[in-house]
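Reckoned from all heavy atoms, side chains included, excluding hydrogens, waters and symmetry mates. The first residue in the sequence is number 1, and the count goes up from there.
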Amino acid sequence: MKFLVCISNVPDTTTKITFTPDNKEFNKAGVQFVINPWDEYALTRAIELKEAAGNGTVTVLNVGEADTEPNIRKALAIGADDAIRVNAAPTDAYFVAEQIAAIAKEGAYDVILMGKESIDYNGFQVHGMVGEMLGIPTVAPAMKLDLSGSTATLEREIEGGKEIVTVNTPFVASCQQPMCEPRIPNMRGIMTARTKPLKVVPPVGEPARTQVAEYALPPKKQGVKLIDAENAGELIKLLRNEAKVI
């Protein structure tokens, strides 16, 4: 079984967000980047399934520039066998999906996994696009994934409940908790990751089809207003006219 796990390079959740002076790009200065937390579920589950089967391979794929390689190496340290980096900035969802689909098709992967979305843009788009481009099923968002031969059983979240589906390989699935407990690389994994293959390939297809017009931060929170307990009318007025919650 050949697993392809797609990972994104995202700012740490504690990052203070700022933009370049023209508000067209995220300001990376001084920012710590991590593997997208949703992608860690996909990576760990692929490794668990490979170990349970006693054979197979787990390949990590990232669309990004050279500065993403430390986190690619971290994925290798967690347990992936090899990695591919498409040497291009992940400019929009369609462009990223196009790169993933090209790699998946060339490598004839059985299972293509990724997180349900990246925590920076929260687009929830790429998995569906990849499945459509490859003409194979997509299951999203998956909370459980088990394999029996070439048949997978997945549990996915739907409004008001859960749905259990079966699908034959190849397929695409986006992952979320509680699929597994994401692994932390140990010392042996960190040492072996240094020598695992990391292949860099050029992008394919057309440039991004969308461009950022402008980024903007949300408005700053206003100061707290204290209302005297005897002045209920003023409180109601503020909740209705300013907070707009009633």
Side-chain angles (χ1 to χ4, degrees), residues 5-43 60-75 83-103 112-133 138 140-141 157 172-177 182 200-225 241-245:
V5 179
C6 311
I7 64 171
S8 299
N9 199 53
V10 299
D12 186 88
T13 53
T14 60
T15 297
K16 183 179 180 180
I17 301 298
T18 61
F19 304 111
T20 54
D22 61 1
N23 288 327
K24 290 185 180 295
E25 293 182 10
F26 171 69
N27 182 9
K28 296 182 179 180
V31 174
Q32 175 70 36
F33 283 83
V34 298
I35 298 174
N36 179 44
W38 297 118
D39 297 335
E40 290 187 330
Y41 289 102
L43 175 60
V60 167
L61 171 60
N62 170 255
V63 179
E65 297 172 318
D67 58 357
T68 67
E69 290 194 4
N71 279 325
I72 297 175
R73 289 291 177 192
K74 180 181 177 181
I84 301 170
R85 178 173 68 82
V86 178
N87 190 28
T91 43
D92 73 0
Y94 190 94
F95 176 78
V96 171
E98 197 170 25
Q99 310 313 308
I100 295 170
I103 296 295
I112 302 161
L113 300 179
M114 62 191 75
K116 69 172 186 176
E117 60 190 353
S118 61
I119 64 168
D120 48 2
Y121 289 98
N122 301 106
F124 201 77
Q125 299 178 70
V126 173
H127 49 269
M129 292 182 180
V130 172
E132 182 66 20
M133 290 174 183
T138 300
E157 188 174 33
V172 179
S174 69
C175 306
Q176 67 173 45
Q177 87 278 13
V200 180
V201 299
V204 299
E206 300 297 323
R209 289 161 172 75
T210 60
Q211 292 79 39
V212 174
E214 183 181 16
Y215 287 112
L217 293 171
K220 292 183 178 180
K221 293 182 179 179
Q222 297 181 354
V224 175
K225 293 184 178 180
N241 299 331
E242 291 191 16
K244 299 186 184 303
V245 295

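With rounding to the nearest 0.5 angstrom, the CD1 atom of Ile103 is 12.0 Å from the CZ atom of Arg85. Distance check, rounded to the nearest 0.5 Å: CZ of Phe95 to CE of Met129 gives 13.0 Å. In this structure, Asp120 CG and Thr13 OG1 are separated by 12.0 Å, a value rounded to the nearest 0.5 Å. Expressed to the nearest 0.5 Å, how far CE of Met114 lies from SG of Cys175 amounts to 9.0 Å. For the atom pair OG1 (Thr18) and NZ (Lys28), the distance works out to 12.5 Å, reported to the nearest 0.5 Å. With rounding to the nearest 0.5 angstrom, the CD1 atom of Ile35 is 11.5 Å from the CD1 atom of Ile119.
Residue Glu132 places its CD atom among 12 or fewer non-hydrogen atoms of other residues, nucleotides or ligands, all under 6.0 Å distant. For Glu214, the CD atom sits in a packed shell: over 12 heavy atoms of surrounding residues, nucleotides or ligands are nearer than 6.0 Å.
The backbone N or O of Phe33 lies less than 3.5 Å from a partner atom in the side chain of Asn71, making a donor-acceptor pair. Within the 3.5 Å criterion, the main-chain N or O of Tyr215 finds no donor-acceptor partner in the side chain of Lys24. With hydrogens and angles disregarded, a donor-acceptor distance shorter than 3.5 Å links the side chain of Thr20 to the backbone of Glu25. Panel note: side chain Gln176, backbone Trp38; no donor-acceptor pair is recorded below 3.5 Å.
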I would like to know whether Glu69 and Val200 meet side-chain contact (heavy atoms from CB on, under 4.5 Å); could you show each step before the answer? CA-CA 10 Å; Glu69 290 194 4; Val200 180; 3.9 Å; yes

Are Thr138 and Val130 close enough, and set up right, to give a side-chain contact (heavy atoms from CB on, under 4.5 Å), and what steps lead you there? CA-CA 8 Å; Thr138 300; Val130 172; over 6 Å; no

Give the C-alpha distance, both sets of side-chain angles, the deciding distance and a yes or no for side-chain contact (heavy atoms from CB on, under 4.5 Å) between Leu61 and Val86. CA-CA 8 Å; Leu61 171 60; Val86 178; 4.0 Å; yes

Quick one, Ile100 with Val172, criterion side-chain contact (heavy atoms from CB on, under 4.5 Å). Give me CA distance, side-chain angles, the key distance, then yes/no. CA-CA 11 Å; Ile100 295 170; Val172 179; over 6 Å; no

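Taking every heavy atom of both residues into account, Ile72 and Ala83 meet most closely at CG2-CB, 3.4 Å. Of all heavy-atom pairs between Ala66 and Asn87, the closest is N-OD1, 4.5 Å. When all heavy atoms are compared, the tightest approach of Ala89 to Glu65 is N-CG, 3.9 Å. Of all heavy-atom pairs between Asp39 and Gly115, the closest is OD1-N, 2.7 Å. Taking both residues in full, the closest heavy atoms of Pro141 and Lys116 are given as CB-CB, 4.1 Å, listed atom of the first, atom of the second, then distance.
Between the side chains of Asn36 and Ser8, no donor-acceptor pair is found at a separation under 3.5 Å.
By the 30° and 60° cut-offs, the orientation of the rings of Phe26 relative to Phe19 is perpendicular.
Checked for salt-bridge contact, Arg209 and Glu98 meet the test: a charged N lies under 4.0 Å from a carboxylate O.
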